[in-house]
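Reviewing the structure listed below.
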Amino acid sequence: MALVIKNLSISIGKREILVDESLGIANGSKMGLIGRNGVGKTTFLKAILGQVDYTGQIEFDGNAAYFSQHIELDPHKTVRQTLEQSATIHRQSTPQDELMEIEKRLLDPATHQNSGQLSKLTERYLELQARKEPHAPPPRANRIKQVLQSLGILESWLDKKVDSLSTGQRAIIALAQILSSEADFLLLDEPTNHLDFRRLETLENYLKAFKGTIIMVTHDRYFLDRVCDTILKIEKGKWTKYNGNYSDYVKAREAAYMAQQNAYELEKEYIANQKDKIARLGKSPQKVKQGKYREKMLEKREAVEKPDMDKSRFRTHFDAAPIRSNTILELRNLAVGYDRPLLSNINLNVGSEQRIVLIGENGVGKSTLFKTIEGRIPPIYGEVLLNSQGKVGYSDQELKDLTNNATLYDEINFMLKDMAKTRQHLSMAGFVADEEVFKPISQLSMGEKSRANMLKILIEKPNLLLLDEPTNHLDIDSREILENAFLNYDGAIFAISHDRYFIHKIAQRMLKVSEGTVKEIPVKN
C-alpha cells in the first residue's frame with residue numbers, strides 16, 4: 001500500500017473535518033479527492049504531510065511532493081533560479097529502511113515460529129524488492145529538461161523574475177518543480193487551475209503515464225475522467241471510496257441515491273401503516289397492551305435515513321442593470337500591455353446579452369486585456385468604449401479584491417450597510433451559520449473565497465461581467481449552479497476560461513488569442 005490510514009480524525013476548532021476514518025491506497029493508484037468547498041480536502045492533504053494536527057495513524061511509502069493551490073514561489077527569484085531548486089520532498093520511511101528492518105526480523109528464530117507473521121513479512125519483503133529501481137533514476141538535470149519541454153516552458157521565461165509572470169505561468173513553474181523532483185507520491189491541490197488547454201492535455205498525459213501514486217483535488221470533470229481510477233468523496237466528516245473515474249462515480253452515486261430513496265419511502269410507508277393499525281386497535285386492556293408492544297417494536301426499528309446528495313447551498317440569480325442598447329462594449333484598434341504591447345489591433349463588439357469566452361495560452365495577455373477594459377491598466381493605444389449605461393463587474397482570478405483581514409460579514413456589510421440584507425445575501429451564496437459568516441476571509445477555502453468574491457460583484461448589479469477563470473476553485477455542483485445562473489443572466493458575459501464543461505455550456509461566441517491579437521473562432525457544439 002502506498003498510503004495506509006487508520007482511525008483518522010481531524011478537527012479545526014469545533015468543526016470536525018473527518019471522524020474515525022480508515023483507508024488504504026494501493027501503489028500506482030490515481031485518486032481524485034472531491035467534495036464541497038470548505039469540507040476539508042486541502043486539510044486532509046496537509047494531514048498526510050503532518051502539517052495539521054490529527055488523531056489516528058497515517059503511513060505512506062516513498063517520497064511525497066505537494067502542489068499547493070496557493071502558488072508559493074519566491075517572487076524575487078528568476079524562473080531559472082526557481083527551477084534549480086527541487087520541490088520539497090516529504091518522507092516517513094524509505095523502502096530500504098523497511099527492507100533492513102524486515103531482514104532483521106527474518107533472522108530472528110522467534111519469527112519463524114509464527115507462520116502467519118512469517119508469511120506476511122516474506123510477502124512484504126518481496127513486494128519492496130520488486131519496487132526497488134533496477135537502475136538509478138535519471139539525473140535531475142535531465143528530468144528538468146524533459147519537463148520543461150513537455151510543459152512548453154520557453155527559454156525566454158528563464159531569466160524573468162517570478163513576479164513578472166502571469167498566474168498561469170507561475171502555476172506551470174510550480175508544477176515543473178514537482179514533476180522534475182524525485183517524488184513517487186504526488187499530492188496535487190487544484191493543479192488544473194490557470195492552465196491553458198495545451199498544458200492541461202500535457203499534464204493529463206504525464207499523470208496517466210506516472211508510475212507512482214497520486215491523490216489530487218480537482219473539480220475539472222474532464223480531468224477527473226481522463227486521469228483517475230478512483231474517486232474519494234468527503235462529506236459530513238466521512239468519506240466514500242468509488243472505483244472508476246468521475247463518470248463512474250456519478251452513476252454509482254445516483255444508483256445508491258435511488259436505492260436509498262426507495263428504501264426511505266418504503267420505510268415511511270411501513271411506519272405509517274403500523275401507526276394506523278395501532279390507532280385502530282380497540283381500547284380494551286388486551287388491545288392497549290398490543291398497541292404498546294407494537295410502538296416499542298417501532299422504536300427499536302433501525303431508522304432509514306433520508307438520502308442526501310450533499311449539494312452545495314450556493315444558490316444565486318444574477319440581476320443586471322437595464323441597458324437600452326444592443327451593444328454594451330466596443331474595442332477599437334486596441335493595444336494592451338505594459339512596456340510593450342502584448343496584444344494589438346483588437347476590434348470587437350460585445351452585445352448587451354451575449355456570452356463570450358476568450359481562450360489562449362498562458363501568459364499571452366488575456367488577463368491584461370480584461371484589466372485594460374475594466375480600467376486598471378491604461379491602453380497602450382486604441383479605445384475602450386463602454387456604453388453610457390454599461391456597468392462592469394470584474395472578477396480577478398487571484399481574488400485580490402477581497403480584504404483578507406476582514407470577516408466575511410464585514411466585507412459584505414461594508415457594501416450594504418444593513419445587517420438583515422447582509423445575512424440574506426450571504427445566505428444566497430451559501431454562507432448561513434455564524435461560524436461561516438463571521439470567519440476571517442483569510443481562513444476561507446479558495447472555493448469559499450471565490451463565492452464571496454462573486455457575491456461582491458453581484459451586489460452591484462453589473463450588466464457586463466468580466467470573469468477571469470470564474471470556475472477556478474469552485475466545487476462541482478457550485479460550478480453547475482453558476483453555469484445555470486449565467487444562462488439566465490440578462491446582461492453580457494465576457495469570460496476567460498479553460499473549463500471545458502463551462503465553455504461547452506455557456507459560450508455563444510468564442511475568441512482566441514493568436515499571433516498577438518484576438519480572433520473569432522467557431523463555437524464547438
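Note that the structure is a prediction, hence the values are computed from the model and not measured. When a residue number appears, it is its place in the shown sequence, counting from 1. The analysis underlying the following values was restricted to heavy atoms, covering all of them including side chains, and did not include hydrogens, waters or symmetry mates.
- With sequence neighbours excluded, no residue forms a ring pair (Phe, Tyr, Trp, His ring centres under 6.0 Å) with Phe67.
- In terms of modelled atom types and a separation under 3.5 Å, the side chain of Glu483 and the main chain of Lys505 share no donor-acceptor contact.
- Judged purely by atom type and a 3.5 angstrom limit, Ser450 has no side-chain atom pairing as donor or acceptor with the backbone of Met446.
- No donor-acceptor pair closer than 3.5 Å links the side chain of Gln397 to the backbone N or O of Thr167.
- Residues Glu21 and Leu18 come closest through the heavy atom pair CG-CD2, 4.2 Å.
- No side-chain donor-acceptor contact under 3.5 Å links Asp184 and Asn63.
- Of the possible polar contacts, none joining the Tyr66 side chain to the Asp189 backbone as a donor-acceptor pair under 3.5 Å is found.
- Both cation-pi conditions hold for Arg221 and Tyr501: the charged atom is under 6.0 angstrom from the six-membered ring centre and inside a 45 degree cone around its axis.
- Between Arg253 and Asp477 no salt bridge is recorded (no basic side-chain N to carboxylate O distance below 4.0 Å).
- Within a 6.0 Å radius of NZ in Lys512, other residues, nucleotides and ligands contribute 12 heavy atoms or fewer.
- Looking only at distances, no side-chain donor or acceptor of Thr213 sits under 3.5 Å from a matching main-chain atom of Phe185.
- With hydrogens and angles disregarded, a donor-acceptor distance shorter than 3.5 Å links the side chain of Lys41 to the backbone of Gly35.
- Minimum interatomic distance between Thr517 and Asn345 (heavy atoms only, all atoms of both residues): OG1-O, 3.2 Å.
- A donor atom on one side chain and an acceptor atom on the other are found under 3.5 Å apart for Thr42 and Gln69.
- A donor-acceptor pair under 3.5 Å is formed between the side chain of Gln81 and the backbone N or O of Thr78.
- Across all their heavy atoms, Ser86 and Ser181 have their closest contact at OG-CB, 3.7 Å.
- Judged by the 6.0 Å and 45° rule, Arg479 forms no cation-pi pair with Phe502.
- Side-chain atoms of Gln169 and Lys160 form no donor-acceptor pair, as typed in the model, at a separation below 3.5 Å.
- No donor-acceptor pair closer than 3.5 Å links the side chain of Ser68 to the backbone N or O of Ile71.
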Item checked: side chain to side chain contact (heavy atoms under 4.5 Å, CB included) evaluation trace for Asn245 with Tyr249 -> CA-CA 6 Å; Asn245 62 15; Tyr249 150 78; over 6 Å; no
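- Ring-plane geometry between Phe370 and Phe494 is classed as tilted, the angle between the planes lying from 30 to 60 degrees on a 0 to 90 degree scale.
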Next item on the list: Start with the C-alpha gap between Ile493 and Ile356, add the side-chain angles, then the distance that decides, and say whether side chain to side chain contact (heavy atoms under 4.5 Å, CB included) holds.
Entry: CA-CA 6 Å; Ile493 296 171; Ile356 303 173; over 6 Å; no
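- Applying the salt bridge (Lys or Arg N to Asp or Glu O under 4.0 Å) test to pairs two or more places apart or on separate chains, those with a residue in residues 165-175 are Arg170-Glu398.
- Side chains of His194 and Glu469: no donor on one and acceptor on the other come within 3.5 Å.
- No side-chain donor-acceptor contact under 3.5 Å links Lys366 to the backbone of Val513.
- Ile377 and Gly337 make their closest contact through CG2-O, 3.9 Å (heavy atoms, listed as atom of the first residue, atom of the second, distance).
- Checking side-chain atoms of Asn37 against main-chain N and O of Leu474 turns up no donor-acceptor pair under 3.5 Å.
- Looking at Glu235 and Arg36, no side-chain N of the basic residue comes within less than 4.0 Å of a carboxylate O on the acidic one, giving no salt bridge.
- Remark: Glu361 engages Arg199 in a salt bridge, criterion side-chain N to carboxylate O under 4.0 Å.
- Judged purely by distance below 3.5 Å, without hydrogens or angles, the side chains of Ser478 and Asp475 pair a donor atom with an acceptor atom.
- For the pair Arg80 and Asp159, the salt-bridge criterion is met [side-chain N within less than 4.0 Å of a carboxylate O].
- Annotation for Leu408 and Ala452: closest pair CD1-CB, 3.5 Å, computed over non-hydrogen atoms.
- Looking at Asn193 and His473, their side chains do bring a donor and an acceptor atom within 3.5 Å of each other.
- The minimum heavy-atom distance linking Leu467 with Ser395 is given by the pair CD2-CB, 3.8 Å.
- The neighbour count for Lys251 NZ, taken as heavy atoms of other residues, nucleotides or ligands under 6.0 Å away, does not exceed 12.
- Checked against a 6.0 Å centroid threshold, the rings of Tyr246 and Phe223 do not count as neighbours.
- For Arg500 and Glu204, the salt-bridge test passes: some basic side-chain N is under 4.0 Å from an acidic carboxylate O.
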